[in-house]
There are 2 protein chains.
Amino acid sequence: MTSSPPHQGSNAERSRSRNRTAVLGQIHHAGELGRAELARALDLSVQAVSNIIADLLQDGMLVEKGARSAGRGLPAVQYGIKPEGGFALGIEVRPNVIFAVLLDLTGKAVFTRRSVLKSARPEDVILEVTRLRDAALTEVPAAKDRMLGAGIVMPGPFGATGLSGRETELPEWQNVNPAELFQNALGLPVEVSNDANAAAMAERISGCAHGLGSFAYLYFGTGLGLGLVSQGHLVRGAFGNAGEIGHIPVPTPLGSAPLETRLSRMSVRHQLEMSGHSNIDFEKIEKLYATSDPELMTWLGSASDALGHAMQIIENVFDPQTTILGGAMPDAVLRHLVRNVSLNNASVSRRSDNPLPRLQCGASGRLVATLGAAALILNSRLTPHAATH
Amino acid sequence: MTSSPPHQGSNAERSRSRNRTAVLGQIHHAGELGRAELARALDLSVQAVSNIIADLLQDGMLVEKGARSAGRGLPAVQYGIKPEGGFALGIEVRPNVIFAVLLDLTGKAVFTRRSVLKSARPEDVILEVTRLRDAALTEVPAAKDRMLGAGIVMPGPFGATGLSGRETELPEWQNVNPAELFQNALGLPVEVSNDANAAAMAERISGCAHGLGSFAYLYFGTGLGLGLVSQGHLVRGAFGNAGEIGHIPVPTPLGSAPLETRLSRMSVRHQLEMSGHSNIDFEKIEKLYATSDPELMTWLGSASDALGHAMQIIENVFDPQTTILGGAMPDAVLRHLVRNVSLNNASVSRRSDNPLPRLQCGASGRLVATLGAAALILNSRLTPHAATH
DNA sequence: GGTATTAACTCAAATAACTTGAACTATCAA
DNA sequence: TTGATAGTTCAAGTTATTTGAGTTAATACC
């Protein structure tokens, strides 16, 4: 991850690529659009848009959707994203399991697989990932020569930080450059990120943050992560480790504690195990919630408080359009938290002009991070960077 | 402030403008550079850079600096920013006073003035601001037809938020669009922002964050503000109110309190007034510090703690290259805080590969926000937005 | 029902900025 | 002294865009 200021010149070729991205992005966002509408939105000439659309049709990334007449004048021919126009592989590496999905260009999952890992050593992971890639391409042959890239989700933090060696879940990857490794193994453009960032992108591409410019995603992982999106792109920080919100100490009735000791899978598990439960997994939590298990309810109370604190930090520091809560946690639990959290009224985020809720549940389920891995790639094809003023 | 996703197409004209910005930015950052060096940095052809430089010389924004021979080959002619190539006006509006500066293209202040405000009503402020603009142009006639724009710093939050009417320092501006108002009055491009954001830009243009891509600025205003810079540009949030870090409750020995009750001008003043001091202003604090006033020292202890908490939030959420502490507070006090804060070692920001200190003092003095107002304009002329990958 | 108006779209030419490739120049090293 | 190296310029060539005139197909009005 680089920290240098952004500097690259532009030329005809790069303009072209930017404009194709912008056209695809607008159409993805709106569902379908006509040439003239696009030209106005992008501040380009109709002719330019016409040429670009002809190109994208040729390349099989767009489909014609029939004309739509709105008032006077020639009805505009609408264009939509062609799902099979491009595919992105999403890979989530956890210490003992790998998840893989294949998304089409609209962000729909067309392949999903889970694969147990016997070892988390880089060479074994790479081997399994190429197998998963092959399985995906066998199941969806249309993707064979239309792969846009692969997104990889792995536990951070990345690089040599003060957290190194302490909380790393994949110690074997300490001195490896994952992006390079996967890029060589897969022969595809690769983006690597943590679970929370990826999850945010999943919601932006096909979930409840569809097309939003600025929002935050609170992710229940082992710990608690935060994905920040600004101007349609992830805010990764200077070293790619932005969003480690779980380590922040927040006030508690008995002093203070890191946020994720009260708001994370780790913390539910801990609390439930203390009271004699065992084998705490997704399904178990779901069941306990269905039966209103008192211990789980106690945890939920404390977690709601912690969530309120997290929201204060997120809203005051980042001022997002909305915040999304998700991750590998049963929907019912997430909904409970969203319903029961108390949001501070004295906040810059309580606005009369924002139609979105301040906090909402994610719409992508427990595989959100894996989906998001692939969404990282799609987003780079659908969202140009901010224009010069 | 807009919240929609960023979408604008590119064409030859916009490429040109982007490339000129990129060339100026690279030169600003490096001090001076040759054509070939620029071409490599921007991934443009040497010929393109040559044409752009010819243009910028013609426009009076660059100066030739003589050749520099480095090893074999023809020595490269160096180019530097021509200070009088462009000027930016910086205005800081406070309830009872206005500050104004004029910066040249290198970010040097060539005019500074303070003006007492009898009323903070929009029409009176506008009148005074145009007067200050005229005074600046009289004192620096070279700026007359080379004004790039005006930056305005005002207390936020902007728009109708949950804080409206409670903490606003300029109630008369509640239902006014400041940007539009100033733009019409001054006939210049205008950018409006809060003090912390502006301060961050001041340090990026001519202070200790010179040219940095990603950093944070903690600003001692009346309250406590946070300026976030990512990829060389401010992160403003969906509604322009990002960075209200002062309102976040943090743990204290006796429960919890909003950060700015312990770390802000307001809080020093409060603490010193409680113990019998009066007329607490900048100079008074400076004197009390020089004499190691026990009450001030007590405040400093609590403030250091609070600063430590702020740093945990900033580093974990944003992962900056460095954080800068500044604002309208004596340098000695800022230095004391930086020296005495205890930074958590278990942080993603403790890295072996970052040469910058995790926390440092600002280099722009107490006028930093006013300087920053003008720096907002300069930054837009020196930093292109991120390129497509 | 006919006609004017509106808006989307296409074709062909013009434009603007960048890239390419060959030639030239100045410095260093052997 | 000669060769290698690197910066720079000149003149064409390339590319994606804009411009402007003309076509098509709806709605609105008389």
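By convention in this document, chain letters (A, B, ...) are assigned in the order of the sequence lines, proteins followed by strands, and residues within each chain are numbered from 1. Every value quoted in this text rests on a predicted model; they were computed, and no experiment measured them.
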Rounded distance (Å) that lies between atom C1' of C:dC11 and atom CG of A:N51: 11 Å
Phosphate contact (D:dT9 OP1 or OP2) by B:S50 side-chain N/O below 4.0 Å: yes
A:H28 side chain reached by A:I205 side chain, heavy atoms, under 4.5 Å: yes
Contact under 4.0 Å: A:R14 side-chain N or O vs D:dA16 OP1/OP2: no
B:R35 side-chain N/O to D:dA6 phosphate OP1/OP2 under 4.0 Å: no
A:R16 CZ to C:dC18 P, straight-line distance once rounded to whole Å: 18 Å
Any B:R72 side-chain N or O less than 4.0 Å from OP1/OP2 of C:dA29: no
Along DNA chain D (nearest heavy atom to each residue), the more 5'-positioned of B:G34 and A:A48: B:G34
Nearest-Å distance for atom pair CG/C1', residues B:L44 and D:dT14: 16 Å
Side chain of A:S45 (C-beta onward), nearest among D:dT18, D:dT8, C:dT25: D:dT18
Below 4.0 Å: OP1/OP2 of C:dA17 and any side-chain N or O of A:N11: no
Integer-rounded Å distance: D:dA16 P and A:L42 CG: 17 Å
Rounded distance in Å - CG (B:D43) to P (C:dT20): 10 Å
Main-chain N/O of B:G232 paired to B:N379 side chain as donor or acceptor, under 3.5 Å: yes
Side-chain-base donor-acceptor pair under 3.5 Å for B:Q47 and D:dC10: yes
A:R18 side chain to B:Q8 backbone, donor-acceptor under 3.5 Å: yes
